[in-house]
Amino acid sequence: MQEMYDVVVIGGGVAGIFCSYLADNKGLKACLIEAQEFLGGQPISLYSQKSIYDYPGHYGIKAYQLVDLFINQLKNHSKVDIYKGSRITKYSSNSNIFKLTINNKFEITTKFLILATGVGLFQPNKIDSSLIKGNPNIIYNVSNLNEFVNKKVVVLGGGDAAVD
Ligand SMILES: Cc1cc2nc3c(=O)[nH]c(=O)nc-3n(C[C@H](O)[C@H](O)[C@H](O)COP(=O)(O)OP(=O)(O)OC[C@H]3O[C@@H](n4cnc5c(N)ncnc54)[C@H](O)[C@@H]3O)c2cc1C
C-alpha cells in the first residue's frame, strides 16, 4: 500500500531531523529520508569529536553527543518514519500532491516536500589509491579521538574540518 504523508523531509542532518520532529509535534504525518546509513549530516560526517560552544543550552558539547540528543528526541518522542540509505529515484507532482519513489522500490505521496539537504551528500575526496598502496592508517573521518592518543598525526588539507 502507498504510504501517504503530510510532510516529507529530505536530508537527515540536524535541520532535517528537527524539522521532521516539529512536523510530527504539530500533528502532521511526517517522514525523513536520508541518503546515508546514518543521521546527523555534517557534525557526524565531518567533526563528530569537536566541541560545540555556540549551541543554546549546551556549552562545550561534543558534536556526536548533540546529534544523539536530536536523534533520541526524534526516535523516542515522535512517530516520524525514518528511511536511511534512501534516495528519491522518481518524482512527479499533480494537484498539489507529490508522488515519490524511494530507491526504485516503493512509492509515497506527500502534500509538502521540504529539502534539508545542506551541503549535499558528503563524500571525502580520496587520495589516488596507487599513491598510498592500501595503507590502513589513512583515514577520512575521526570518529574516536582516543585512537590517536600518544600518536604522531599528519593532517592533509587546510579547510574547516582540518583546522578543527
Ligand atoms: C568543520 C565544521 C565545523 C563546524 N562547527 C560548527 C559549530 O561549532 N557550530 C555550528 O553552529 N555550526 C558548525 N558548523 C556548521 C554546521 O555543521 C552546519 O551548519 C549544519 O550541519 C547544517 O545542517 P543541515 O542539516 O542543514 O545540513 P547537513 O549537515 O549538510 O545535512 C544534510 C543531510 O542531507 C543528506 N542529503 C543530501 N542530499 C541528499 C539527498 N539527495 N537525498 C537524501 N539525503 C540527502 C546528507 O547526507 C546529510 O545527512 C560546522 C561545519 C563544519 C564543516
Side-chain angles (χ1 to χ4, degrees), residues 3 5-26 28-75 77-78 80-93 98-127 138-148 153-164:
E3 201 71 56
Y5 293 98
D6 298 310
V7 179
V8 168
V9 180
I10 302 179
V14 286
I17 293 172
F18 192 60
C19 182
S20 59
Y21 167 80
L22 264 191
D24 175 88
N25 182 266
K26 301 297 174 197
L28 300 170
K29 184 168 165 59
C31 81
L32 179 62
I33 297 174
E34 167 58 48
Q36 304 267 28
E37 293 296 342
F38 56 88
L39 298 178
Q42 292 175 55
I44 298 301
S45 293
L46 299 177
Y47 58 97
S48 66
Q49 297 282 315
K50 193 190 98 144
S51 295
I52 296 177
Y53 298 96
D54 57 357
Y55 190 80
H58 298 280
Y59 187 77
I61 187 169
K62 298 275 187 200
Y64 78 89
Q65 291 172 325
L66 185 59
V67 169
D68 275 353
L69 294 174
F70 275 70
I71 293 174
N72 284 340
Q73 185 183 38
L74 179 73
K75 287 189 173 166
H77 302 287
S78 85
V80 171
D81 289 334
I82 302 168
Y83 301 101
K84 289 188 271 188
S86 298
R87 295 192 197 211
I88 305 302
T89 45
K90 271 190 211 136
Y91 160 95
S92 63
S93 69
F98 298 97
K99 195 191 272 188
L100 311 170
T101 304
I102 299 183
N103 289 349
N104 283 323
K105 284 190 182 143
F106 59 97
E107 274 186 0
I108 59 174
T109 62
T110 184
K111 294 178 198 156
F112 296 97
L113 186 57
I114 297 177
L115 300 182
T117 49
V119 292
L121 183 57
F122 175 73
Q123 298 288 345
N125 287 326
K126 296 204 169 174
I127 297 175
I138 294 182
I139 58 158
Y140 295 92
N141 184 10
V142 176
S143 55
N144 181 3
L145 268 184
N146 291 329
E147 288 172 14
F148 303 95
V153 176
V154 173
V155 179
L156 189 58
D160 291 3
V163 173
D164 274 334

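Each ligand, and each atom within it, is numbered from 1 in the order the structure gives. All heavy atoms count here, side chains included; hydrogens, waters and symmetry mates do not.
Considering all non-hydrogen atoms of both residues, V67 and P43 come closest at CG2-CB, 3.7 Å.
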Practice problem: Tell me, with the steps shown, if D6 and K29 meet salt bridge (Lys or Arg N to Asp or Glu O under 4.0 Å). | Solution: CA-CA 5 Å; D6 298 310; K29 184 168 165 59; over 6 Å; no
Quiz item: Which is it for E107 and K90 under the salt bridge (Lys or Arg N to Asp or Glu O under 4.0 Å) test, yes or no, and what are the steps along the way?
Solution: CA-CA 9 Å; E107 274 186 0; K90 271 190 211 136; over 6 Å; no
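Taking the six-membered ring where tryptophan is involved, the planes of F18 and F70 are perpendicular, since the angle between them exceeds 60° and thus also 30°.
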Between ligand 1 and the protein, give all atom pairs where both partners are nitrogen or oxygen and the distance is under 3.5 Å, as lines of names plus distance to 0.1 Å.
residue	atom	partner	partner atom	Å
ligand 1	5 (N)	K50	NZ	2.8
ligand 1	8 (O)	K50	NZ	2.7
ligand 1	9 (N)	D54	OD1	2.9
ligand 1	9 (N)	D54	OD2	3.2
ligand 1	14 (N)	Y47	OH	3.2
ligand 1	17 (O)	Y47	OH	2.4
ligand 1	25 (O)	V14	N	3.2
ligand 1	25 (O)	A15	N	3.0
ligand 1	29 (O)	Q42	N	2.8
ligand 1	30 (O)	Q42	NE2	3.0
ligand 1	30 (O)	V119	N	3.2
ligand 1	44 (N)	A35	N	3.1
ligand 1	47 (O)	E34	OE2	2.6
ligand 1	49 (O)	E34	OE1	2.7
ligand 1	49 (O)	E34	OE2	3.2

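Partners of I114 according to the side-chain contact (heavy atoms from CB on, under 4.5 Å) rule, which considers only residues two or more places apart in sequence or in another chain, are V7, V9, C19.
Between Y5 and the options L28, D81, V80, a side chain to side chain contact (heavy atoms under 4.5 Å, CB included) holds for only D81.
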